[in-house]
Amino acid sequence: MRHEFSTCAFAAIALLLAGCGGGGGGVSSSSTASNVQAITVDAGPANTTNTLFTSVTVCVPGGSDCRTIDHVLVDTGSSGLRIMASELPVSFVLPQLTDSGGDPLVECTQFADGFTWGPVKSADVKIAGEQAAAVPIQMIGDPGFAAVPASCSSTGPAENTVAAFGANGVLGVGVFMQDCGSICAVSAIPGFYYACPVSGCQETTASLERQVTNPVGLFANDNNGVIVELPAVPDAGAATVTGALVFGIGTHTKNGPGAAQVFKVRPDTGRFVTAYNNQTYTDSLLDSGSSAYFFADNNIAVCDPSDPYAPGFYCPPSTQDLSAAINGTNGASATLGFSVANAHALVNDNPGNVAFNNLAAPEVLPGGFIWGLPAFFGRNVYTAIEQQNTSAGLGPYVAF
């Protein structure tokens with residue numbers, strides 16, 4: 001098992017590799033078939049735990065040459081589509097995007113224990129009945145850009161393969177339109193965007209329209225956010241879980257937030273405040289791409305680093321029933337109960353199960369409380385995109 005946290009602006013991806021309220025609970029038939037995509041928690045292509053997957057179709061812009069990629073991670077903590085280059089045939093060629101100087105644009109995404117690297121290309125993106133044209137996406141591990149600058153690779157080993165990354169790609173459906181935003185449009189920041197002529201790669205700026213972009217915001221309809229709908233799972237876990245990714249919030253008669261409570265998030269970071277154990281965590285987020293609850297608690301025992309099942313995760317001698325309060329920037333507050341089980345026992349005692357509602361680990365983001373995938377089980381979680389109108393107000397916000 002492992003976990004990793006993206007340092008790219010507003011992005012959070014955490015994967016756990018196994019084998020080494022108001023929105024209510026359950027899945028609703030809440031909309032039309034055209035805006036509902038199936039999502040699944042299963043072992044995936046790399047034997048992962050608590051990883052939420054879907055399928056995405058990418059096409060050469062304006063054409064009919066398309067490929068469907070399965071087991072793409074659904075991530076409400078980041079923005080933009082990233083596909084492993086190895087999952088597309090060499091004959092499938094997407095247009096390369098360039099920086100303002102005309103050089104190939106390549107992106108680095110850094111994690112706590114590694115990085116991904118690959119060019120930014122243009123693709124038409126199709127999911128369910130929705131389509132976005134000419135979306136900037138990242139092709140992770142493209143062999144045409146094998147040389148990685150030191151300012152990107154300094155965080156650890158490359159995670160440019162399916163085996164290392166744990167998925168065939170990432171569908172970032174977070175609260176922001178671009179994965180970095182205005183800061184990368186005006187400043188060349190190490191560890192983000194690079195111009196890569198044949199002479200070598202250098203940090204560069206990237207205009208908003210060329211940054212890796214949340215494809216949902218580019219849909220013709222149902223483009224103001226998403227709903228992740230997942231059923232509850234038993235405390236011992238489940239082998240598979242099936243739910244729905246609904247595009248649009250209040251865009252149809254049946255996909256409105258109803259009685260869900262809205263928590264506005266900071267417009268610059270997409271974060272909210274969590275109060276836990278007499279501590280305030282100002283860098284908190286609801287992140288379907290994180291495999292566990294990630295938070296600091298010195299009173300909870302941690303699994304041995306050499307544990308073959310759950311190194312570094314929480315391993316209390318008995319399950320801990322805890323609670324924490326989520327506080328939005330709009331003054332909304334709610335206390336959520338959650339459980340933390342012994343991670344070693346969860347995996348060891350329940351072979352074949354890969355979906356757990358009580359998996360947790362120490363914090364990976366200083367000052368942060370990450371409500372990972374366990375918080376999504378049994379809830380409908382709404383993520384509204386910045387500056388987009390919804391029936392519950394203007395994004396960015398999260399709701400449940």
**OP:** Check which hydrophobic residues are tied to Val106 through side-chain heavy-atom contacts below 4.5 Å, counting indirect links as well, and list them.
**Re:** Phe115, Trp117, Phe145, Val148, Tyr194
**OP:** Would you check if Asn299 and Gln320 make a side-chain contact, meaning some heavy-atom pair closer than 4.5 Å?
**Re:** no
**OP:** Would you name the heavy atoms of Asp75 and Gly77 that are closest together and state the gap between them?
**Re:** OD1-N, 2.9 Å
Original post:
Is the side chain of Asn214 donor-acceptor paired with the backbone N or O of Gly80 at a distance under 3.5 Å, no angle test?
Top reply: no
**OP:** Check whether Phe53 and Ile69 end up in the same hydrophobic cluster, where Ile, Leu, Val, Met, Phe, Trp and Tyr are linked by side-chain heavy atoms less than 4.5 Å apart.
**Re:** no
Original post:
So Phe376 and Leu286, side chain to side chain contact (heavy atoms under 4.5 Å, CB included) or not? Walk me through it.
Top reply: CA-CA 8 Å; Phe376 287 72; Leu286 272 163; 4.2 Å; yes
Original post:
Considering only heavy atoms from C-beta outward, does the side chain of Val226 approach that of Phe247 to under 4.5 Å?
Top reply: yes
Original post:
Hey, mind stepping through Ser55 and Asp70 against side chain to side chain contact (heavy atoms under 4.5 Å, CB included) and telling me if it holds?
Top reply: CA-CA 4 Å; Ser55 296; Asp70 64 9; 3.6 Å; yes
Subject >> Pro104 side chain reached by Pro119 side chain, heavy atoms, under 4.5 Å >> reply: no
**OP:** Indicate the atoms forming the closest heavy-atom contact of Pro61 with Pro95, along with that distance.
**Re:** CD-CD, 3.6 Å
**OP:** Find out whether Glu130 and Val216 are in side-chain contact, i.e. whether some heavy atom of one side chain is under 4.5 Å from a heavy atom of the other.
**Re:** no
Subject >> Matching residue for Gln138 among Gln211, Lys121, Arg82 - test: side-chain hydrogen bond (donor to acceptor under 3.5 Å, both in side chains) >> reply: Arg82
Subject >> Check: Asn358 side chain, Asp235 main-chain N or O, donor-acceptor pair, under 3.5 Å >> reply: yes
**OP:** On the 0 to 90° scale, with breaks at 30° and 60°, tag the Phe338-Tyr293 ring pair as parallel, tilted or perpendicular.
**Re:** tilted
Original post:
If only atom types and distance count, is the side chain of Gln131 paired as donor or acceptor with the main-chain N or O of Asp124 below 3.5 Å?
Top reply: no
Subject >> Pro45 to Ala167 - nearest heavy-atom pair and separation >> reply: CG-CA, 4.2 Å
Original post:
Does one hydrophobic cluster hold both Trp371 and Val273, with members joined at side-chain heavy-atom distances below 4.5 Å?
Top reply: no
**OP:** Answer whether the closest heavy-atom distance between the side chains of Phe219 and Thr251 falls below 4.5 Å.
**Re:** no
**OP:** Taking all heavy atoms of Asp307 and all of His344, pick out the closest pair and write down the distance.
**Re:** OD2-ND1, 2.8 Å
Subject >> Donor-acceptor pair, side chain of Ser284 and main chain of Ile370, under 3.5 angstrom >> reply: no
Original post:
Under 3.5 Å, is there a donor-acceptor pair between the side chain of Asn350 and the main chain of Leu346?
Top reply: yes
**OP:** Group every Ile, Leu, Val, Met, Phe, Trp and Tyr by side-chain heavy-atom contacts under 4.5 Å, then state whether Met177 and Leu208 land in the same group.
**Re:** no
**OP:** Indicate the atoms forming the closest heavy-atom contact of Gln178 with Ser79, along with that distance.
**Re:** O-CB, 3.8 Å
**OP:** Could you check Phe369 against Ile326 for side chain to side chain contact (heavy atoms under 4.5 Å, CB included), going step by step and ending with a plain yes or no?
**Re:** CA-CA 10 Å; Phe369 192 115; Ile326 288 179; over 6 Å; no
Original post:
What distance separates Ile189 CD1 from Thr204 OG1, expressed to the nearest 0.5 Å?
Top reply: 11.0 Å
Original post:
Between Ser78 and Val170, is a side chain to side chain contact (heavy atoms under 4.5 Å, CB included) present by the stated rule, with each step listed?
Top reply: CA-CA 9 Å; Ser78 70; Val170 182; 4.1 Å; yes
Original post:
Considering all heavy atoms of both residues, which atom of Asp103 and which atom of Ala195 are nearest to each other, and what is their separation?
Top reply: CB-CB, 4.0 Å
**OP:** Indicate, with yes or no, if Val233 and Leu230 share a hydrophobic cluster defined by side-chain heavy-atom contacts under 4.5 Å among Ile, Leu, Val, Met, Phe, Trp and Tyr.
**Re:** yes
Subject >> Check: Thr76 and Val228 side chains under 4.5 Å, non-hydrogen atoms >> reply: yes
Original post:
Would Thr116 and Asn160 satisfy side chain to side chain donor-acceptor pair (under 3.5 Å), going step by step from the backbone distance to the final call?
Top reply: CA-CA 5 Å; Thr116 61; Asn160 294 326; 4.9 Å; no
**OP:** Compute whether any side-chain donor of one residue and acceptor of the other, for Asn389 and Asn224, lie under 3.5 angstrom apart.
**Re:** no
Subject >> Side chain Asn255, main chain Val246, donor-acceptor under 3.5 Å >> reply: no
**OP:** Starting at CG of Asn168, measure out to OG of Ser86 and round the result to the nearest 0.5 Å.
**Re:** 7.0 Å
**OP:** State the CG-OG distance between Leu73 and Ser290, to the nearest 0.5 angstrom.
**Re:** 9.0 Å
Original post:
Hey, would you say the Tyr314 and Phe295 ring centroids sit under 6.0 Å apart?
Top reply: yes
Subject >> Separation of Glu87 CD from Thr161 OG1 (nearest 0.5 Å) >> reply: 10.0 Å
Original post:
Does Val173 reach the side chain of Val74, with side-chain heavy atoms less than 4.5 Å apart?
Top reply: yes
Original post:
By salt bridge (Lys or Arg N to Asp or Glu O under 4.0 Å), which residues pair with Asp283, not counting sequence neighbours?
Top reply: Arg271
Subject >> Nearest-0.5 Å distance that lies between atom CD in Glu203 and atom SG in Cys184 >> reply: 11.0 Å
Subject >> Asn357 (side chain) donor-acceptor with Ala232 (main chain) under 3.5 angstrom >> reply: no
Subject >> Check: Asn327/Ser333 side-chain N/O donor and acceptor closer than 3.5 Å >> reply: yes
Subject >> Tyr382-Thr390 side chain donor-acceptor pair, cut-off 3.5 Å >> reply: no
**OP:** Give a yes-or-no answer on whether the side chains of Asp179 and Tyr193 include a donor-acceptor pair shorter than 3.5 Å.
**Re:** yes
Original post:
Do His71 and Asp42 have side-chain N/O donor and acceptor atoms under 3.5 Å apart?
Top reply: yes
**OP:** Evaluate the criterion ring pair (Phe, Tyr, Trp, His ring centres under 6.0 Å) for residue pair Phe272 and Tyr397; output intermediate values, then yes/no.
**Re:** CA-CA 9 Å; Phe272 53 82; Tyr397 69 76; over 10 Å; no
Original post:
Is there a side-chain contact between Glu209 and Pro136 (heavy atoms, below 4.5 Å)?
Top reply: no
Original post:
When hydrophobic residues are tied together by side-chain contacts of less than 4.5 Å, even through go-betweens, does Leu394 share a cluster with Ile385?
Top reply: no
Original post:
For Gln96, does the CD atom sit with more than 12 other heavy atoms under 6.0 Å from it, leaving out its own atoms?
Top reply: yes
**OP:** Answer yes or no: is there a donor N or O on one side and an acceptor on the other, between the side chain of Glu386 and the main chain of Phe176, under 3.5 Å?
**Re:** no
Original post:
Between the side chain of Asn277 and the main-chain N/O of Gln279, is any donor-acceptor distance below 3.5 Å?
Top reply: no
